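Take a look at the structure set out below.
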Amino acid sequence: MPDKPTVAIGLLSGCFGCLMSLLDMADDLPDFLERVELRRTPFTDVKEIENVTIGILEGAVSTDENIKLAKEMREKSEILVSLGACSCFGGIPGLRNFHNSADLLKTVYGNKIPDDDIAELLDRVVPTTQVVSVDVEIPGCPPTAQTIKDALYALLEGKKPDRFRKNLCIDCSRTKHKILTPQRGFLAEGVRTVMELESIDPTTCFLEQGVLCMGIATAAGCNARCTHNNIPCRGCNGPVPGVASQGNKAIDTLASLIPPGALMFFEDCVGMCYRYTAAYDKTLKVENQ
Ligand code: SF4
Ligand code: SF4
Ligand code: SF4
């Protein structure tokens, strides 16, 4: 048995962004690498999966190969970690569930779809968490390097990191006035995108300026990094644990804030409210046939 905890990383259908964020641990990376032994990872280019202490999966499950790898990683890992919104909730790849996989292949390859060399697409993308049991979830697209570091170091100390159970608005320092008082119709017209505004007040809550911000239905954990940089939250931390549907929560909240019917004029309600959770949300009926 090795003296140090061993780590394996498996890549499913993702974009490597979560792993880049892990590398962003920068100054802490040498210390982390001193404390563990890396086994199967894209950095070591080792393909076999041995029994390891910590297994990390990035990406959603979108192909038959992904299912195989997720199951093998589960079998071989003492602790299995879902890293990133794709792995936890299906994330951006989950948006392909609104399309038929045959149509998608045709869009990418035209009439020359290769017979081999491409993995068999599942009809639907599913989060890793719905294919195998996962011990630790680290959401975010990608999770911040600090979040990844805190979670991994907690595991090395024998603790189980938990997801944040409070709402992002609590961490957001933008001034909130009207949003704190339940009232109908505090937004005069409806919801808008940042691009539609001539100017934006960098200190006031986006929603109070009529700009949709998913902070109202999103778990904290990133120190509200987008809203503090004058960008509305897109919801990549997913729902607060225990909330089945981040999208429904956002729509419920908006319905109590904007005039009746205004949401009907919002062009991409699904793309915004269910952007990271379309594959995870069992209350959302997605037709792709
Ligand atoms: S969660 Fe975001 S950064 Fe991570 S693999 Fe998915 S798309 Fe990439
Ligand atoms: S809705 Fe957005 S901008 Fe407003 S307080 Fe919440 S996170 Fe901040
Ligand atoms: S502010 Fe929202 S979109 Fe930005 S990192 Fe945090 S949860 Fe993700």
Side-chain angles (χ1 to χ4, degrees), residues 9-24 42 56-62 66 81-96 125-129 137-148 163-164 166-181 186-187 191-192 194 197 200-240 246 249-250 253-254 256-258 271-273 275-280:
I9 299 176
L11 297 176
L12 305 174
S13 295
C15 75
F16 271 90
C18 291
L19 283 189
M20 291 301 114
S21 201
L22 192 153
L23 292 180
D24 269 352
I56 300 173
L57 283 174
E58 181 206 270
V61 172
S62 161
N66 290 165
V81 177
S82 254
L83 180 64
C86 294
S87 188
C88 296
F89 313 118
I92 298 296
L95 292 174
R96 92 144 157 90
V125 173
V126 270
T128 312
T129 46
E137 292 176 37
I138 311 177
C141 181
T144 63
Q146 186 65 43
T147 308
I148 298 174
R163 284 188 45 210
F164 283 80
K166 59 181 183 179
N167 188 289
L168 189 88
C169 294
I170 292 169
D171 278 350
C172 174
S173 61
R174 297 174 87 96
T175 315
K176 310 151 195 76
H177 300 290
K178 295 183 282 185
I179 197 172
L180 298 177
T181 316
F186 83 71
L187 299 176
V191 282
R192 289 179 291 224
V194 177
L197 291 187
I200 195 147
D201 173 358
T203 61
T204 300
C205 167
F206 279 110
L207 270 181
E208 295 198 2
Q209 300 180 67
V211 174
L212 181 57
C213 176
M214 280 293 286
I216 47 171
T218 300
C222 60
N223 289 323
R225 62 178 156 164
C226 299
T227 63
H228 290 162
N229 284 296
N230 215 20
I231 301 167
C233 170
R234 298 151 298 125
C236 77
N237 275 343
V240 172
Q246 183 183 25
K249 180 86 182 163
T253 310
L254 287 170
S256 67
L257 296 174
I258 61 179
M272 186 72 195
C273 297
R275 182 180 300 188
Y276 295 96
T277 53
Y280 159 91

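As the structure lists them, so they are numbered: ligands from 1, and atoms in each ligand from 1. Because the structure is a prediction, the values reported are computed rather than measured.
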When you measure from [atom] to every protein heavy atom, which one gives the shortest distance, and what is it?
atom: atom 1 (S) of ligand 1; value: Ala85 N, 3.4 Å
atom: atom 2 (Fe) of ligand 1; value: Cys141 SG, 2.3 Å
atom: atom 4 (Fe) of ligand 3; value: Cys226 SG, 2.3 Å
atom: atom 3 (S) of ligand 3; value: Arg234 N, 3.2 Å

Check side chain to side chain donor-acceptor pair (under 3.5 Å) between Ser62 and all other residues, then give those that pass, not counting sequence neighbours.
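Side chain to side chain donor-acceptor pair (under 3.5 Å) list for Ser62, sorted by chain: Arg96.
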Taking C-beta and beyond as the side chain, do [X] and [Y] meet within less than 4.5 Å on heavy atoms?
X: Thr227; Y: Asp171; result: no
X: Pro143; Y: Cys18; result: yes
X: Tyr276; Y: Arg234; result: yes
X: Cys213; Y: Cys233; result: yes

In ligand 3, which numbered atoms sit nearer than 4.0 Å to a non-hydrogen atom of [X]?
X: Thr218; value: 7 (S)
X: Gly235; value: 2 (Fe), 3 (S)
X: Cys233; value: 1 (S), 2 (Fe), 3 (S), 7 (S)
X: Arg225; value: 5 (S)
X: Asn237; value: 7 (S)

With atoms numbered from 1 as shown, which atoms in ligand 1 lie under 4.0 angstrom from a non-hydrogen atom of [X]?
X: Glu58; result: 5 (S)
X: Gly140; result: 1 (S)
X: Pro142; result: 3 (S)

Distance filter under 4.0 Å to [X] heavy atoms, resulting ligand 2 atoms:
X: Arg174; result: 3 (S)
X: Cys213; result: 1 (S), 2 (Fe), 3 (S), 7 (S)
X: Lys176; result: 5 (S)

Mind checking the CE-CE spacing from Met272 to Met214? Nearest 0.5 Å is all I need.
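Between Met272 CE and Met214 CE, I get 6.5 Å after rounding to 0.5 Å.
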Mind checking the CD1-CD1 spacing from Ile56 to Ile148? Nearest 0.5 Å is all I need.
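If we round to the nearest 0.5 Å, Ile56:CD1 and Ile148:CD1 are 8.5 Å apart.
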Check Cys236 against ligand 3 and report side chain, backbone, both or neither, counting heavy atoms closer than 4.0 Å.
both
Please confirm if an N, O or S atom belonging to Cys15, backbone or side chain, lies less than 2.8 Å from atom 4 (Fe) of ligand 1.
no
Looking at [Y], is its backbone amide N or carbonyl O close enough to the side chain of [X] to form a donor-acceptor pair, meaning the two atoms are under 3.5 Å apart?
X: Thr128; Y: Gly59; result: yes
X: Ser87; Y: Leu57; result: yes
X: Asp201; Y: Thr203; result: yes
X: Glu58; Y: Gly14; result: no

Can Arg174 be said to sit on top of Phe206's aromatic six-ring, NZ or CZ under 6.0 Å from centre and within 45° of the ring axis?
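The answer is yes; both the distance and angle limits are met.
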Once you restrict to heavy atoms under 4.0 Å, what part of Glu208 touches ligand 2? Side chain, backbone, both or neither.
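Contact part for Glu208 vs ligand 2: neither.
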With respect to atom 6 (Fe) of ligand 2, which of Ala250, Cys169, Cys172, Gly215 exhibits the smallest heavy-atom separation?
Cys169
Has Cys205 got an N/O/S atom less than 2.8 Å from atom 4 (Fe) of ligand 2?
yes
